[in-house]
Structures are given as structure tokens and as C-alpha cells.
Amino acid sequence: MQKGRTNTKKLVLSALFVTLALLMSRFLKLKLAPGLSLSFGGYPLMFGGMVLGPYYGFMMGIVTDVLNYALAPSSFGFNAFFTISEGLLGWFPGFILWKLSKGEGFAAMQNDRKLQNKVIISTTLFRAIFLNIILNTALLYPYMGKGVLALLPARATKNAIEIFTVYFALTAMVEALRARKVSFEM
């Protein structure tokens with residue numbers, strides 16, 4: 001009986017994180033330049049990956065990207081590789097937390113600030129360097145050709161800013177839960 005409740009809790013929390021990601025990506029987006037914006041939609045996915053684990057984090061990213069496309073189709077069309085990239089955004093925090101905490105998960109991070117910093121810093125750098133600068137730039141290349149290289153300095157600057165905003169936002173979320181003694185025991 002307990003197993004069913006655990007799955008139901010995780011499913012409900014996943015839906016909550018997906019909803020937050022959709023709302024934040026629609027309404028908390030700052031346009032920096034044409035084709036370049038600062039979006040806060042990935043924050044719930046990263047946090048959800050930490051709380052629920054890599055599998056749920058990956059699935060939340062997939063669902064969020066598909067729903068984002070359904071709500072506002074891109075001029076480039078649908079590309080499953082961008083969907084996988086969004087899935088990796090939710091997967092990595094859960095995976096690195098699981099590895100560094102030796103399978104204990106989010107509860108271990110709430111009790112250990114060093115672990116918290118390692119997970120959040122590695123998540124932030126993974127998002128900025130691998131996903132945004134390397135992978136997503138490579139995925140834009142077929143659409144934009146060499147023009148994407150002209151955006152590279154602006155994308156690097158944007159991601160340098162995002163490194164700090166993601167770090168402080170995720171740290172604030174974990175610290176708020178720690179201060180209120182909120183537990184996600186599943």
C-alpha cells in the first residue's frame with residue numbers, strides 16, 4: 001500500500017513542478033536581445049530533479065518541453081533533441097545528488113551544506129556550459145548555420161549571468177525548506 005502512495009506523491013509533485021516550469025517560462029522571461037532571453041522556467045525542473053530523482057526529473061523535462069511547444073509552437077518547428085536537452089536539465093541534478101549522496105537523495109542534501117553546494121554548483125555549470133552553450137548551440141546550427149556563431153558571445157554572457165541566478169535561486173529554495181524543516185520523504 002505504501003508503494004502506491006509514494007508513486008502518487010511523486011506524480012503530484014512532478015505535475016506541480018511541470019506547472020511551475022510552464023508558468024515561469026511564459027511569464028518570467030526577460031528578453032535580452034533578439035533571439036536571446038533569460039528564462040526562469042528551468043528552475044522548477046532542476047529543483048524537482050533534486051527532490052524526486054533523475055528519472056522523474058528527466059520525465060518532467062520531457063513533459064514540460066512538449067507542453068511548451070503545444071502552447072506556443074516555435075518558428076523552427078518541433079525538435080526532439082531540444083526535448084531531450086530539457087529532460088537532461090531535470091535529470092542531471094537528481095543524478096549528481098544521487099551519486100554524491102550515495103543514494104540518499106534530497107534528505108542528505110538538507111543535512112549537509114557541503115553536499116548542497118557541490119550539487120547546486122555542478123548543476124549550474126552543467127546547465128550553463130554543457131546544455132546551453134555546447135548542446136543547444138549545436139542544435140541551433142542546422143537552423144541558423146554559421147549565424148549561430150555570432151550569437152555565441154551573447155549566449156556565453158547570458159549564461160555567465162545565469163550561473164549566479166541559478167545558484168542563488170536553488171540555494172534559496174533548499175535553505176527555505178531547511179529553515180521550515182520541510183521533508184520530502186517518499
Side-chain angles (χ1 to χ4, degrees), residues 1-28 39-71 80-132 135-136 162-163 165-186:
M1 189 70 145
Q2 188 62 26
K3 182 74 172 157
R5 288 184 185 175
T6 299
N7 289 338
T8 303
K9 279 183 180 181
K10 285 187 172 186
L11 190 60
V12 169
L13 279 173
S14 296
L16 175 69
F17 289 129
V18 167
T19 304
L20 283 172
L22 290 170
L23 290 172
M24 290 175 80
S25 66
R26 292 278 156 240
F27 300 114
L28 288 177
S39 174
F40 300 97
Y43 294 20
L45 296 178
M46 292 181 284
F47 188 69
M50 285 184 221
V51 171
L52 300 172
Y55 173 76
Y56 280 91
F58 187 78
M59 292 320 222
M60 288 185 304
I62 299 289
V63 170
T64 299
D65 191 66
V66 170
L67 290 176
N68 261 331
Y69 181 77
L71 293 172
F81 292 112
F82 282 111
T83 303
I84 292 169
S85 173
E86 195 77 3
L88 290 174
L89 179 63
W91 170 81
F92 185 78
F95 173 75
I96 197 71
L97 177 58
W98 180 72
K99 279 295 202 186
L100 292 177
S101 71
K102 296 175 180 62
E104 289 184 44
F106 192 73
M109 191 169 78
Q110 284 186 305
N111 299 325
D112 185 356
R113 282 199 168 87
K114 284 184 181 181
L115 176 63
Q116 171 189 321
N117 282 331
K118 286 179 187 176
V119 170
I120 292 175
I121 288 170
S122 58
T123 296
T124 302
L125 294 175
F126 176 80
R127 178 186 194 221
I129 296 169
F130 178 72
L131 290 180
N132 290 348
L135 183 61
N136 289 346
E162 278 190 337
I163 285 173
T165 61
V166 170
Y167 175 79
F168 288 118
L170 291 177
T171 301
M173 287 182 222
V174 174
E175 290 296 330
L177 293 175
R178 180 181 288 126
R180 288 167 182 77
K181 295 181 172 77
V182 174
S183 169
F184 289 102
E185 298 297 323
M186 303 281 170

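- Without hydrogens or angle criteria, Gln110 side chain to Val182 main chain gives a donor-acceptor distance under 3.5 Å.
- Counting heavy atoms from C-beta outward, Leu52 and Phe17 have side chains that approach closer than 4.5 Å.
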| said: Under the criterion side-chain contact (heavy atoms from CB on, under 4.5 Å), I'd like the reasoning laid out for Val119 against Thr123: C-alpha separation, chi angles, the key distance, then a yes or no. | reply: CA-CA 6 Å; Val119 170; Thr123 296; 4.1 Å; yes
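- A heavy-atom distance below 4.5 Å is not found between the side chains of Met173 and Met50.
- Between Tyr43 and Thr165, the closest side-chain pair of non-hydrogen atoms falls below 4.5 Å.
- For the residue pair Tyr56 and Ser14, the shortest heavy atom distance occurs at CD2-OG, 3.2 Å.
- Note that the CH2 atom of Trp98 and the OH atom of Tyr55 stand 15.5 Å from one another [nearest 0.5 Å].
- Distance CG/Leu45 to CG/Leu88: 11.5 Å, rounded to 0.5 Å.
- Here the side chains of Ile120 and Thr124 are in contact, with some heavy-atom distance below 4.5 Å.
- Under the 4.5 Å side-chain criterion, counting only non-hydrogen atoms from C-beta, Phe106 is in contact with Leu177.
- To the nearest 0.5 Å, atom CD of residue Glu86 and atom CZ of residue Phe81 are 16.0 Å apart.
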| message | side-chain contact (heavy atoms from CB on, under 4.5 Å), that's the test. Do Lys118 and Met109 meet it? Break it down for me. | response | CA-CA 10 Å; Lys118 286 179 187 176; Met109 191 169 78; over 6 Å; no
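- Among all heavy-atom pairs drawn from Asn117 and Tyr167, the shortest one is OD1-OH, 2.9 Å.
- Remark: Arg127 CZ to Ser85 OG distance equals 10.0 Å, nearest 0.5 Å.
- In plain terms, the two heavy atoms of Pro54 and Phe95 that are nearest each other are CB-N, 3.7 Å.
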| task | Begin from the C-alpha positions of Phe92 and Ser122 and carry the test side-chain contact (heavy atoms from CB on, under 4.5 Å) through to its verdict. | result | CA-CA 9 Å; Phe92 185 78; Ser122 58; 4.2 Å; yes
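- For the pair Pro93 and Gly90, the tightest heavy-atom approach, listed with the atom from each and the gap, is CD-O, 3.5 Å.
- Nearest approach of Thr64 to Ala21, heavy atoms of both residues: CG2-CB, 3.8 Å.
- Atom CZ of Phe82 sits about 8.0 Å away from atom CG of Leu135, to the nearest 0.5 Å.
- Heavy atoms only, all atoms of each residue included: Met60 and Gly49 are closest at CE-N, 3.6 Å.
- When each of Ile121, Leu125, Asn132 is checked for a side-chain contact (heavy atoms from CB on, under 4.5 Å) with Ile163, only Leu125 meets the rule.
- Here the side chains of Asp65 and Ile84 are not in contact, with every heavy-atom distance at 4.5 Å or above.
- Two residues are said to be in side-chain contact when any heavy atoms from C-beta on lie closer than 4.5 Å; Leu13 and Lys10 fail this criterion.
- Here CD of Gln116 is found 10.5 Å from CG of Leu97. Values are rounded to the nearest 0.5 Å.
- In this structure the side chain of Met24 reaches within 4.5 angstrom of the side chain of Pro44, judged on heavy atoms.
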